[in-house]
Amino acid sequence: MTSITDLTLDLAAVRRDFPILEREVHGKPLIYLDNAATSQTPVAVIDSLGDYYRRYNANIHRGLHTLADEATAAFEGVRATVQRHLNAFEPREIVFTRGTTEAINLVANSWGRANLRAGDEVVVSLMEHHSNIVPWQLLERELGIVIKVIPVDARGVLDQQAYRELLGERTRLVCVNHVSNALGTINPIAEMARDAHAHGALILVDGAQAVPHQAVDVQALDADFYAFSGHKVYGPLGAGALYGKASILEAMPPWQGGGEMISRVSFERGTEFAAVPHRFEAGTPSVADVIAMGAALDWVNALGIERLSAWEQWLLDHATQKLERIDGLKIIGTAPQKASVISFVVDGAHAQDIGLLIDQLGVAIRTGHHCAQPVLNHFGVEATCRASLAVYNTPEEVDAFVEALQRVLGMLR
């Protein structure tokens, strides 16, 4: 385990950027360990939202007045920010969405409906979030495609041999998360992409839990699609992005119709669609949230994703060692490569009871199935407690969480 003295992170300065961490819950200092659901937002993001509505609130594109020009420039500037953050080849490969769920549904309803036929196979991992399962099940019912599932082992690691055996001449798409929200497992995307491409299939990556915790290079991964949500990477709710290779996006039809996604509309000659990425961005987007998402990525980049990742890994090791000492506690998901997510169950204590009681001690964790019922069912559980860490969490908070958990278990057992 890396020594805490080896990590060059000004934690006090980081925490000062997050006003919400100063509040109390039930008379106790807030310990926020629900970051996999939604991370908190730094002052730079909060200020960005306020600045937009105070200074240049206007609809984007086509407007000729100053406010519209300023809003458009800021909005499109974030497209370049996301491109750099993911190392996409060019800004037009970035489509703004409300988040990962909408991005995956965009792929399903545009690329999927245009390219999938009855009998075609979509390979999905067992550990997927429901947002990367249900859209394909809807197409299964409608189009007659076949869904094949990549199994996981007892540690929560995808079985790569089984994955390769699932790939065949009818495989059209592989859908897999970069990091499991329920287990924390980091999946070998570059290797899986190589195997998919060898069979002529594309790969769609749910990056919602990866972008907040590690550097992502979509070109090195050779992902065909990559999606993430702003609110999990210190940004606001309601904004996210889909990366798609330009050649693939250009061949895809729109999935929603309306303003901004057209170049010309005529009753006599029909509609001509805008170039990518705008053909996939119908209507007025959440302009302020997209701009604030850019501020969040700027904040992460100023801090340094490598330092952020190293600190979270240190906290993960520290928390794991502490939790493993609790009698009757079992961690669900023990992959050798993990992000800062710990799911666990405890003998004689229901996850919901733990979550409710530990909140009374000022600790926020997530309980339930985490929108990942298939993989939890695989482990024989319906719900887990999930503590997910972020760069602003401290060793003292981890220790206080473990102490609070032990106190709660003393009440329940």
Side-chain angles (χ1 to χ4, degrees), residues 18-21 23 25 30-42 45-46 97-104 127-134 156 177-186 206-214 227-241 286 289 292-293 296 300 308 312 315-316 319 323 331-333 338-345 350-376 381-393 397-398 401 404-405:
F18 293 85
I20 200 169
L21 300 180
R23 71 162 292 181
V25 173
L30 170 64
I31 298 175
Y32 187 78
L33 302 177
D34 193 21
N35 297 285
T38 295
S39 58
Q40 297 301 333
T41 50
V45 173
I46 298 169
T97 67
R98 290 181 299 152
T100 306
T101 296
E102 185 172 82
I104 294 171
M127 64 174 67
E128 294 310 298
H129 188 280
H130 295 164
S131 62
N132 208 12
I133 298 174
V134 178
N177 52 44
H178 200 163
V179 173
S180 166
N181 76 305
L183 308 176
T185 304
I186 301 174
D206 171 354
Q209 299 295 333
V211 172
H213 304 296
Q214 63 188 64
F228 77 94
S229 301
H231 72 97
K232 297 182 189 294
V233 61
Y234 308 104
L237 299 163
S286 186
D289 294 324
M293 179 175 70
V300 168
L308 180 154
E312 291 180 347
L315 284 177
L316 174 65
L323 290 171
I331 294 175
I332 306 296
K338 280 188 64 173
S340 52
V341 171
I342 308 176
S343 283
F344 61 91
V345 293
H350 193 280
Q352 184 175 0
D353 294 334
I354 293 173
L356 288 170
L357 289 173
I358 206 168
D359 175 67
Q360 298 299 309
L361 301 177
V363 181
I365 63 172
R366 178 71 44 163
T367 63
H369 54 64
H370 317 300
C371 294
Q373 287 178 307
V375 76
L376 291 195
V381 298
E382 294 183 356
T384 69
C385 298
R386 185 183 70 186
S388 49
L389 303 156
V391 68
Y392 43 65
N393 290 127
E397 286 184 322
V398 170
F401 154 60
L405 177 60

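None of these values were measured; they are calculated from a predicted model.
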**Student:** Go through the structure and list residues passing side chain to side chain donor-acceptor pair (under 3.5 Å) with Ser180, not counting sequence neighbours.
**Tutor:**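 Applying side chain to side chain donor-acceptor pair (under 3.5 Å) to Ser180 gives none.
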**Student:** For Thr185 and Gly156, which heavy atoms make the closest approach, and how far apart are they?
**Tutor:** OG1-O, 2.7 Å
**Student:** Measuring from Ile342:CD1 to Arg386:CZ, what's the distance to the nearest 0.5 Å?
**Tutor:** 12.0 Å
**Student:** Pair up each side-chain donor or acceptor in residues 351-365 with any protein partner under 3.5 Å, not counting sequence neighbours, and list the distances.
**Tutor:**
| unit_1 | atom_1 | unit_2 | atom_2 | d |
| --- | --- | --- | --- | --- |
| Asp359 | OD2 | His26 | NE2 | 2.9 |
| Gln360 | NE2 | His26 | NE2 | 3.4 |

**Student:** Who pairs with Glu312 by side-chain contact (heavy atoms from CB on, under 4.5 Å), at least two apart in sequence or on another chain?
**Tutor:** His213, Tyr234, Leu308, Ser340, Ala390, Val391
**Student:** Are side-chain heavy atoms of Leu323 and Leu405 found at a separation under 4.5 Å?
**Tutor:**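 SC-SC contact between Leu323 and Leu405 confirmed.
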**Student:** Of all residues at least two apart in sequence or in a different chain, which pass the side-chain contact (heavy atoms from CB on, under 4.5 Å) check with Thr384?
**Tutor:** Ile332, Ser343, Val345, His370, Leu376, Val381
**Student:** Please identify each residue that fulfils side-chain contact (heavy atoms from CB on, under 4.5 Å) with Ala239, with sequence neighbours left out.
**Tutor:**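 With sequence neighbours excluded, Ala239 shows a side-chain contact (heavy atoms from CB on, under 4.5 Å) to Asp289, Val290, Met293, given in chain and number order.
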**Student:** Restricting to ring-ring contact (aromatic ring centres under 6.0 Å, His included), what partner residues turn up for His369, sequence neighbours left out?
**Tutor:**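 His369: ring-ring contact (aromatic ring centres under 6.0 Å, His included) contacts with His130.
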**Student:** His178: what forms a ring-ring contact (aromatic ring centres under 6.0 Å, His included) with it, not counting sequence neighbours?
**Tutor:** Tyr226
**Student:** Could you give me the CA-CA distance, side-chain angles and deciding distance for Asn177 and Asn132, then say whether side-chain contact (heavy atoms from CB on, under 4.5 Å) is met?
**Tutor:** CA-CA 8 Å; Asn177 52 44; Asn132 208 12; 5.7 Å; no
**Student:** Which atom names give the shortest non-hydrogen contact between Ala292 and Pro236, and what distance separates them?
**Tutor:** CB-CG, 3.7 Å
**Student:** What are the two closest non-hydrogen atoms of Val375 and Ala182, and how far apart are they?
**Tutor:** CG1-CB, 4.2 Å
**Student:** List the residues meeting salt bridge (charged side-chain N to carboxylate O under 4.0 Å, His left out) with Glu397, not counting sequence neighbours, and say none if there are none.
**Tutor:** Arg15
**Student:** Show, in sequence, the C-alpha distance, side-chain angles and deciding distance for Lys232 and Thr100, and conclude whether the side-chain contact (heavy atoms from CB on, under 4.5 Å) test is met.
**Tutor:** CA-CA 10 Å; Lys232 297 182 189 294; Thr100 306; 5.8 Å; no
**Student:** Using the side chain to side chain donor-acceptor pair (under 3.5 Å) criterion, which residues pair with Arg366? Sequence neighbours excluded.
**Tutor:** Asp34
**Student:** Between Gln40 and Phe18, what is the shortest heavy-atom contact and its length?
**Tutor:**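 Shortest heavy-atom contact: O-CE2, 3.4 Å.
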**Student:** Give the minimum heavy-atom separation between Ala241 and Thr97, together with the two atoms involved.
**Tutor:** N-OG1, 3.6 Å
**Student:** Please identify each residue that fulfils side chain to side chain donor-acceptor pair (under 3.5 Å) with Ser131, with sequence neighbours left out.
**Tutor:** His129
**Student:** Would you compute the distance between atom CZ of Phe401 and atom CG of Leu389 and round it to the nearest 0.5 angstrom?
**Tutor:** 8.5 Å
**Student:** For Asn35, give me all partners under side chain to side chain donor-acceptor pair (under 3.5 Å), at least two apart in sequence or on another chain.
**Tutor:** Tyr392, Asn393
**Student:** Give me the atom names and distance for the closest heavy-atom approach of Val179 to Ile186.
**Tutor:**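 That would be CG2-CG1, 3.9 Å.
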